[in-house]
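Structure first, commentary second.
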Amino acid sequence: MPVAAAAPLISSVQKLVLYETRARYFLVGSNPAETKYRVLKIDRTEPKDLVIIDDKHVYTQQEVRELLGRLDLGNRTKMGQKGSSGLSRAVSAFGIVGFVRFLEGYYIVLITKRRKMADIGGHAIYKIEDTNMIYIPNDSVRVSHPDEARYLRIFQNVDLSSNFYFSYSYDLSHSLQYNLTVLRMPLETLKTETTQTRQESFDIFEDEGLSTQGGSGVFGICSKPYEKYVWNAKLLEAVRTAVHRDWLLYIIHGFCGQSKLLIYGRPIYVTLIARRSSKFAGTRFLKRGSNCEGDVANEVETEQILYDASVMSFSAGSYSSYVQVRGSVPLYWSQDISTMMPKPPITLDQADPYAHVAALHFDQMLQRFGSPIIILNLVKEREKRKHERILSEELVAAVTYLNQFLPPEHAIIYIPWDMAKYTKSKLCNVLDRLNVIAESVVKKTGFFVNRPDSYCSILRPDEKWNELGGCVVSTGRLQTGVLRTNCVDCLDRTNTAQFMVGKCALAYQLYSLGLIDKPNLQFDTDAVRLFEELYEDHGDTLSLQYGGSQLVHRVKTYRKIAPWTQHSKDIMQTLSRYYSNAFSDADRQDSINLFLGVFKPAEGKPHLWELPTDFYLHHKNTLGLSQTRQSYTYWWTTGVLKHLPLPFDEVTCAENRRKLTVKKFHKYEEEIDIHNEFFRPYELSSFDETFCLAMTNSTRDFMPKNVGIDPSPFTVRKPDETGKSVLGNKNNREEAVLQRKTAASAPPPPSEEAVSSSSEDDSGTDKEDEGAVSQRSTPVKVTDTGDNTKITENVVQSTKDVYGVNLSDIPSEDDLAIYARFVQLGQSQHKQDKGSQQFCSKHPLDKVINLHEEPSSPLHSIPPNEKGGWRPR
């Protein structure tokens, strides 16, 4: 069956301007080129209701100007304001987070500052840097309430500038495998969907002109987001059906980082995306285990994406990804923090002999990831006083019960490993053991790659490659199943285990793209150092969100190569985590409950701060009995089992097709033209300010700068031999650290601020963040000013080191004659330019016109290189 030409739909609302009158707000949204506009009208005369009108029309720039002019004139005449404008510009923005109401009227939350964090096939991923919350009703109709201000403060405690991400064209709530699988749907399926969508189309102008193009054109596809990882779903609930989909911007919370791996000049982008679940979300001791719907605490889906950045297209490029999950043990359990103990006792809250919540949790995973589901349980097995072992015993019983009813080939695999015990042992290397586990896991699940096996892999097959699991299809490989890692907190031990599995998967991904000859990666190579730093930033960020501090134990801790100063830092992180858990977690939990819509304020109900517990908010079965009861034996969703090992969410069926929006466009329409979206040919840009130059680079930041160094990122270096050890310049170090910041207060680089900022940047916490980030960097060797000259000399490599051949010290007579001739041409051209400049000084207008004229011969001089040799012609 032929595959259709398809591309992701790009939102046409990326720039917003909010205009206000006394009676209405007018939100004008445009595409980046400012050629297409949409307008939302928001009524300000309703004190408590949200009235939004989308006029369903796509305006041109001239039409919008005329519309705003008429609105200005009409309101000025009506109010008798002859001297002032009747329509004023309130704020500029880049997207709508949502609408929220407490006890008075509605607020609108707008993104006013953004920063580009990653790029996947030309699709930009942005981090929210600043937001603006605007009250909609005007003062004349406002009904004040004494508790409104307190709710507003609680809501704003969720710092939207702290690790919230969005994209205008890439679905961040789904994995790369899902997004590319949707784009490879059969042609007949997309034609059917296009017909149905056109009949139900919201916008009456969207399908104009398609009949004239016949069978040509490209299908634009937009999938329904996976709401478990969307954090503003409740905030958009009030307007989801009332406005066009381009107004809806879905944000995720977690982590996003990207680094460039240069393999002899070939750019390979390594991206790490972590999606934190919005279900049963909260802080460390206040959210443990699972709720009644199978959603677990601290559930994060981590995806590592690898692709060749020299080819940008999803259809023609090479892309690979690997997904793994962390989450609390899926049982009813908690820890009582009222005793103020560092390790409160673990309590099983409810008996669950039929593993009801575990069944719901693993059913979700089978739908999203397929089989096998592999559990890596890192909690302690041997303890003097039973503490963590309580969870292990209950989890083993639950998995054993559920596996009775699954086919043996799709059974849940359980791997217990007491990581703390092996860490204390001097005879056992923790990471070697984890590497064995990682190899077996990746062989069972496989990974995703969108291209068939390379011919070199077929010609010289590797033993490990032939044993790889997953699903092999005509277009490449699919990951089937997932690794689910947990300890008690799912922070330190889990992050190290995930890093080791990710490192193993990275080797297979590089091998599948034909970049290495064996699917093996060793420590102390530039590639692994780069990947380790990404994972430490990832672990620190997730740990701050859930536990209140950065990681206590890192990869270097388990490798036993951490410096002695690390022990004092670990103690400080432990104290910081304890303080956060004891004093600030309750307020953060209230803010999360309010932001996610778990608690909705209402007249006559107890206030959020009056509730003794939020248990009833997260466990809906306590407020009413469910009408449907799940089977004790057939505990999976109907239809999931027959498609295993493939995930049900990625199977082409009627239920999944209903989640797609399909439109047919001309080939160069802006809605599907990723070239236009990425390069922005209508904007003035600077080469020095491009995102690809600013990101962490393996050659610049990790490769040693000494003469004679092998430039391969897969060469093992000495522990102290790293690119950062020769960064003698303090400014260079600060710039390198700045690019790796992922903390909430990290300021945007000047390049993005100039393009994407609509408000002043607050960089007051710059030094604090730098200190925090530098702790998780590779150690920097600080040098004296006297050593700077030596470092500069070492950076310049000879032609023998770079090209493998030494150029002749004395050029031939013919080369000298050619060189002399070009020097004369250059000198005469210089005199000519100088004379023209003197002439232009008398004629200012001509000077402006001739300012950028180039010399007639670009080769007017060929200078010798630093070593005294001559450059080739």
Side-chain angles (χ1 to χ4, degrees), residues 7-21 23-43 52-77 85-96 108 110-112 114 124 168-169 194 197-198 201-213 216-220 222 239 242-249 661 663-685 755-756 758:
L9 280 175
I10 303 170
S11 172
S12 61
V13 177
Q14 298 189 21
K15 294 181 178 179
L16 289 83
V17 181
L18 186 68
Y19 297 92
E20 66 172 315
T21 65
R24 284 191 180 92
Y25 276 123
F26 293 91
L27 193 58
V28 180
S30 71
N31 60 354
E34 298 183 1
T35 57
K36 294 181 179 180
Y37 290 80
R38 293 183 182 274
V39 179
L40 279 185
K41 302 172 188 175
I42 307 172
D43 191 359
I52 290 186
I53 301 171
D54 187 348
D55 62 6
K56 307 177 185 179
H57 182 62
V58 179
Y59 295 88
T60 63
Q61 191 176 64
Q62 183 63 31
E63 288 172 342
V64 164
R65 286 179 178 173
E66 292 174 359
L67 174 65
L68 295 177
R70 288 196 300 270
L71 289 171
D72 181 31
L73 185 62
N75 282 278
R76 188 167 51 199
T77 305
S85 173
L87 183 74
S88 60
R89 179 171 176 153
V91 66
S92 299
F94 298 103
I96 304 173
I108 181 173
L110 298 173
I111 301 168
T112 55
R114 68 185 180 185
Y168 298 111
S169 54
T194 307
T197 309
R198 191 174 304 168
S201 178
F202 176 87
D203 196 331
I204 57 176
F205 294 91
E206 280 189 338
D207 297 314
E208 279 188 359
L210 290 177
S211 58
T212 59
Q213 69 184 18
S216 64
V218 177
F219 291 99
C222 176
V239 298
V243 301
H244 189 270
R245 66 169 185 277
D246 284 352
W247 291 104
L248 305 176
L249 196 63
T661 301
K663 300 282 183 184
K664 196 171 184 181
F665 292 95
H666 298 285
K667 187 176 181 181
Y668 299 109
E669 283 285 333
E670 290 181 359
E671 284 85 348
I672 48 94
D673 189 356
I674 194 59
H675 180 277
N676 244 8
E677 173 71 10
F678 179 76
F679 288 104
R680 305 283 175 96
Y682 36 78
E683 288 184 3
L684 180 64
S685 58
V755 177
S756 304
S758 59

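Excluded from the calculations below are hydrogen atoms, water molecules and symmetry mates; all remaining heavy atoms, backbone and side chain alike, are included.
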I need the [X] [atom1] to [Y] [atom2] distance, nearest 0.5 Å.
X	Y	atom1	atom2	value
L67	D55	CG	CG	8.0 Å
L18	L110	CG	CG	6.0 Å
L16	S30	CG	OG	7.5 Å

Exercise. Identify the two heavy atoms, one from S169 and one from P8, that lie closest to each other, and give their separation to 0.1 Å.
Key: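 Shortest heavy-atom contact: O-CB, 3.5 Å.
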Quiz prompt | Heavy-atom closest contact (F94 atom, T112 atom, distance) | solution =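 Looks like CE1-O, 3.5 Å.
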Practice problem: Scan E670, E671, Q61 and name whichever one has a side-chain hydrogen bond (donor to acceptor under 3.5 Å, both in side chains) with K36. | Solution: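 Per the side-chain hydrogen bond (donor to acceptor under 3.5 Å, both in side chains) rule, the option paired with K36 is E671, out of E670, E671, Q61.
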Exercise. Applying ring pair (Phe, Tyr, Trp, His ring centres under 6.0 Å), name anything that partners Y19, two or more places apart in sequence or on another chain.
Key: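 Not a single residue meets the ring pair (Phe, Tyr, Trp, His ring centres under 6.0 Å) criterion with Y19.
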Self-check item: Residue among D673, I674, I672, N676 satisfying side chain to side chain contact (heavy atoms under 4.5 Å, CB included) with I10
Solution: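 That would be I674; it is the only one of D673, I674, I672, N676 passing the side chain to side chain contact (heavy atoms under 4.5 Å, CB included) with I10.
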Quiz item: Taking D54 as the fixed residue, which of L27, L40, V239, V39 is the one that meets the side chain to side chain contact (heavy atoms under 4.5 Å, CB included) rule?
Solution: L40
Quiz item: Do any N or O atoms from the side chain of N31 and from the backbone of V13 form a donor-acceptor pair under 3.5 angstrom?
Solution: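 No; judged by distance alone, with no hydrogens or angles, the pair does not exist.
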Quiz item: Between the main-chain N or O of D246 and the side-chain N or O of S11, is there a donor-acceptor pair closer than 3.5 Å?
Solution: yes
How about [X] and [Y]: do any of their side-chain heavy atoms sit closer than 4.5 Å?
X	Y	value
I52	K41	no
F26	V17	no
R680	P32	yes
L71	R24	no
L87	T21	yes

Self-check item: Set of residues satisfying side-chain hydrogen bond (donor to acceptor under 3.5 Å, both in side chains) with respect to E34, sequence neighbours excluded
Solution: none
Self-check item: Worked verdict on H57 versus Y59 for ring-ring contact (aromatic ring centres under 6.0 Å, His included)
Solution: CA-CA 6 Å; H57 182 62; Y59 295 88; 4.7 Å; yes
Practice problem: Check whether more than 12 heavy atoms from other residues, nucleotides or ligands sit under 6.0 Å from atom OH of Y668, and answer yes or no. | Solution: no
Practice problem: Count the heavy atoms belonging to other residues, nucleotides or ligands that lie under 6.0 Å from CZ of R65, then report whether that count exceeds 12. | Solution: no
Quiz item: Can we say E669 and K663 salt-bridge, meaning some charged N sits less than 4.0 Å from an Asp/Glu carboxylate O?
Solution: no
Quiz item: Hey, what's the ring geometry for F679 with H675, parallel, tilted or perpendicular (30° and 60° as the breaks)?
Solution: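 The arrangement is tilted - the two ring planes meet at 30° to 60°.
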